[in-house]
Structures are given as C-alpha cells and as structure tokens.
Chemist: 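Input: one structure, supplied below.
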Amino acid sequence: MHILDAVFLMSNTKVEGCPDPIFKEVAFIGRSNVGKSSLINMLVNKKGLAKTSSTPGKTQTINHFEVKVKHGKNWYLVDLPGYGYAKKSKSSRKDWQSMIKHYLEERENLTCTFVLIDLRHEAQKIDIEFMERLLKDGIPMAIVFTKADKLKDQAAVKAFEQYESVLKSKWGDTPNLFISSAESQLGKDRLLQFISTIV
Ligand code: GTP
Ligand code: MG
C-alpha cells in the first residue's frame with residue numbers, strides 16, 4: 001500500500017459524532033502507554049500525528065485520522081484511549097468502558113481492532129479479559145506486540161512464542177499476531193499489507 005498522507009480529522013467521546021462511515025477503519029487499543037499512538041505514527045510515517053507521551057493516559061478520546069492512499073480507497077485509522085491506567089478514578093474508568101463499548105459495538109465500518117501488548121510483559125489478566133470480550137462479541141481483532149526493540153532478538157522470539165502458547169492453551173487458536181517496534185519500524189510492512197486486505 002502506498003500511503004500519500006495521513007491527516008487528523010476529529011476527536012470524539014461518543015460514537016455518534018465519529019466521521020461518516022464512508023471508508024473502512026481500523027482501531028488501535030491496549031493498555032495505557034503500550035505504544036498505540038507511536039505505532040500509528042510509525043505506520044503512516046508521520047511523527048507527531050498522534051500525540052504520544054511517556055506519561056500514561058495521554059489519549060483520552062476516540063481520535064480519527066484519514067489515511068490517503070495512492071491507487072486505492074482511503075481508510076480511517078483510530079487511536080483509542082488505553083485501559084489499565086492506575087490513576088484513573090472509578091467514574092472515569094466507567095466513562096472509558098461505556099465509550100469504548102459503544103464504539104466497538106456500533107461502529108459499522110470497523111474491520112479490525114488491533115490490541116497492542118508490550119512484548120516484554122507476560123500475559124496479563126487485563127489484556128486477556130479485554131480480548132475475550134472482543135471475541136465473545138464477535139468484534140474482529142488482531143494482536144500487535146509492541147516495543148520489540150527493547151528486547152534482544154532471541155528474547156523477543158521467546159516472549160512471542162510464550163505469549164502465543166498461552167493463547168493457544170486458552171483459545172485453541174490465536175488471532176493474527178504481529179510484532180512491532182515504533183523505534184526500528186519492525187512490523188510496518190506486514191501490518192500495512194494486512195490492513196490493505198481489510199480496508
Ligand atoms: P496512552 O495514549 O497514554 O494510552 O499511550 P499510548 O499507548 O498511545 O503510548 P505512546 O505511543 O504515547 O507511547 C508511550 C511511551 O512508549 C512513549 O514514551 C513512547 O516513546 C514509548 N514507545 C512507544 N512505542 C515504542 C517502541 O516501539 N519502542 C520504544 N523503545 N519505545 C516506544
Ligand atoms: Mg496514545
């Protein structure tokens with residue numbers, strides 16, 4: 001896929017306000033600070049497009065970007081706020097849940113939700129539960145392991161295989177799995193290739 005440009009469209013707290021679903025879209029979600037916004041910038045080759053921060057909880061709204069493609073249909077890319085942010089109050093956690101639930105269930109043009117997981121961490125309950133919710137609700141999903149550059153090659157492969165075996169033992173199978181690094185651009189081509197088949 002040849003991406004010409006990517007532009008920010010709008011931020012929303014309600015699915016009703018999201019752009020008209022004239023293009024297919026893919027969304028990125030996962031724990032706070034896992035690297036969602038960084039991955040998005042890496043994919044579209046535009047540093048600073050999605051706002052990143054070393055402080056968890058940076059992204060708080062549903063953020064739509066339009067990706068402009070040469071010889072093909074444009075698509076929407078969506079940066080979602082993360083979960084598992086310790087400092088969040090109970091009520092803002094509830095607001096997050098309700099916003100995300102409505103978005104995921106009602107966004108008719110959503111063709112894949114990428115759940116991001118830090119490759120350095122073992123399988124965590126919060127991620128597994130979130131993914132099981134998606135599976136149960138029939139929401140198309142894939143997993144992207146992030147920050148692979150923070151591990152040596154061998155350790156990265158080991159961490160990946162370990163996670164894969166946890167999923168296989170739980171689910172019998174795994175969704176599509178990707179390894180990425182926003183630093184080294186690892187995974188970029190494979191992810192874009194996959195996205196080109198669903199948008
Ligand atoms: P929230 O919006 O707060 O939920 O965070 P996020 O998931 O969007 O994470 P963000 O992209 O803002 O990145 C969080 C921190 O991790 C930043 O300091 C990034 O520079 C760093 N980071 C993200 N991806 C990578 C990566 O692939 N490699 C390395 N080394 N650091 C990364
Ligand atoms: Mg973010």
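What you see below is based on every heavy atom in this structure, not just the backbone, and it leaves out hydrogens, waters and symmetry mates. FYI, the numbering just counts along the sequence from 1. Whatever order the structure lists ligands and atoms in, that order sets their numbers, starting from 1. Source: prediction; values computed, not measured.
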Chemist: Taking side chain to side chain contact (heavy atoms under 4.5 Å, CB included) as the definition, give me every residue that meets it alongside K14, ordered by chain and number, with sequence neighbours left out.
Modeler: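 Testing K14 for side chain to side chain contact (heavy atoms under 4.5 Å, CB included), a comparison that skips the adjacent residues, returns E16.
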
Chemist: How many protein N, O or S atoms are found at a distance of less than 2.8 Å from the Mg ion (ligand 2)?
Modeler: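 Under the 2.8 Å cut-off, the count stands at 2.
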
Chemist: Would you check whether A182 has a nitrogen or oxygen atom less than 3.5 angstrom from a nitrogen or oxygen atom of ligand 1?
Modeler: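 Yes: some nitrogen or oxygen of A182 is under 3.5 Å from one in ligand 1.
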
Chemist: If I apply the N/O under 3.5 Å rule, does K51 come out as touching ligand 1?
Modeler: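 Between K51 and ligand 1 (N or O atoms, distance only) the closest approach is not under 3.5 Å.
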
Chemist: Between K68 and N74, is there a side-chain heavy-atom distance shorter than 4.5 Å?
Modeler: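 Yes, their side chains come closer than 4.5 Å.
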
Chemist: Parallel, tilted or perpendicular, judged at 30° and 60°: which one describes the rings of F160 and F145?
Modeler: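 F160 vs F145 ring planes: perpendicular.
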
Chemist: When you measure from atom 29 (C) of ligand 1 to every protein heavy atom, which one gives the shortest distance, and what is it?
Modeler: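 Result: E183 CG, 3.4 Å.
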
Chemist: Can you confirm whether V67 sits close enough to V199 that some side-chain heavy atom of one is under 4.5 Å from a side-chain heavy atom of the other?
Modeler: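 A side-chain contact is absent here, since even the closest heavy-atom pair is not under 4.5 Å.
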
Chemist: When you measure from the side chain of S37 to the backbone of K51, do you find a donor-acceptor pair of N or O atoms at a distance under 3.5 Å?
Modeler: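 Pair found, side chain donor or acceptor close to backbone of K51.
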
Chemist: Nearest protein heavy atom to atom 17 (C) of ligand 1, by residue and atom, and its distance?
Modeler: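 Going atom by atom, the protein heavy atom closest to atom 17 (C) of ligand 1 ends up being S53 O, 3.6 Å.
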
Chemist: Any nitrogen or oxygen of P81, main chain or side chain, under 3.5 Å from a nitrogen or oxygen of ligand 1?
Modeler: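 There is no such contact.
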
Chemist: NE2 of H102 to OG of S98: how many Å apart, nearest 0.5 Å?
Modeler: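 The distance works out to 5.0 Å.
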
Chemist: Is K36 reaching over with its side chain to a backbone N or O of R31, donor-acceptor style, under 3.5 angstrom?
Modeler: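 Present.
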
Chemist: Using a plain distance cutoff, I'd like to know if K150 has any nitrogen or oxygen under 3.5 Å from a nitrogen or oxygen of ligand 1.
Modeler: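 No: no nitrogen or oxygen of K150 is under 3.5 Å from one in ligand 1.
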
Chemist: Note the single closest protein heavy atom to atom 9 (O) of ligand 1, along with its residue, its atom name and the distance in Å.
Modeler: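 Result for atom 9 (O) of ligand 1: G35 N, 3.2 Å.
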
Chemist: Going by distance alone, is a donor N or O of one side chain under 3.5 Å from an acceptor N or O of the other, for D149 and S184?
Modeler: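 Result is no, nothing qualifies.
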
Chemist: Give me the residue, atom name and distance of the protein heavy atom closest to atom 2 (O) of ligand 1.
Modeler: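 Sorting protein heavy atoms by distance from atom 2 (O) of ligand 1 puts T59 OG1, 2.7 Å first.
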
Chemist: Going only through I, L, V, M, F, W and Y residues with side-chain contacts under 4.5 Å, is there a path from L167 to L119?
Modeler: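 Yes, L167 connects to L119 through the hydrophobic network.
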
Chemist: Can you confirm whether M99 sits close enough to P81 that some side-chain heavy atom of one is under 4.5 Å from a side-chain heavy atom of the other?
Modeler: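 Yes - at least one pair of side-chain heavy atoms lies under 4.5 Å apart.
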
Chemist: What I'd like to find out is whether the side chain of R133 reaches to under 4.5 Å of the side chain of K136, using heavy atoms alone.
Modeler: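 In contact.
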
Chemist: I need the nearest protein heavy-atom contact for atom 7 (O) of ligand 1: residue, atom name and distance, please.
Modeler: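 Minimum-distance protein heavy atom for atom 7 (O) of ligand 1 reads K36 NZ, 2.7 Å.
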
Chemist: Answer with side chain, backbone, both or neither: which part of D149 has a heavy atom less than 4.0 angstrom from an atom of ligand 1?
Modeler: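 The part of D149 near ligand 1 is the side chain, not the backbone.
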
Chemist: A side-chain contact here means heavy atoms from C-beta on lying under 4.5 Å apart; do M1 and W75 qualify?
Modeler: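 Touching, per the 4.5 Å side-chain cut-off.
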
Chemist: Could you list which atoms of ligand 1 come closer than 4.0 Å to a heavy atom of S181?
Modeler: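 What qualifies from ligand 1 is 27 (O).
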
Chemist: Give the atoms of ligand 1, by number and element, whose distance to some non-hydrogen atom of G82 is under 4.0 Å.
Modeler: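 That gives atoms 4 (O) of ligand 1.
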
Chemist: In ligand 1, which numbered atoms sit nearer than 4.0 Å to a non-hydrogen atom of S54?
Modeler: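 Matching atoms, with element in brackets: 18 (O).
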
Chemist: Please tell me if the side chains of F65 and V44 come closer than 4.5 Å, counting only heavy atoms from C-beta onward.
Modeler: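 Answer no - side chains too far apart.
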
Chemist: To which protein heavy atom is atom 19 (C) of ligand 1 closest, and what is the distance rounded to 0.1 Å?
Modeler: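 For this ligand atom, the closest protein heavy atom is S38 OG, 3.8 Å.
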
Chemist: Please write down residue, atom name and distance for the protein heavy atom closest to atom 21 (C) of ligand 1.
Modeler: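 Protein heavy atom with the smallest distance to atom 21 (C) of ligand 1: K147 NZ, 4.0 Å.
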
Chemist: Name the orientation class of the two ring planes belonging to H64 and Y76 (parallel below 30°, tilted from 30 to 60°, perpendicular beyond 60°).
Modeler: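 The arrangement is perpendicular - the two ring planes meet at more than 60°.
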
Chemist: Nearest to atom 1 (P) of ligand 1, what protein heavy atom do you find, and at what distance?
Modeler: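 The protein heavy atom lying closest is N33 N, 3.7 Å.
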
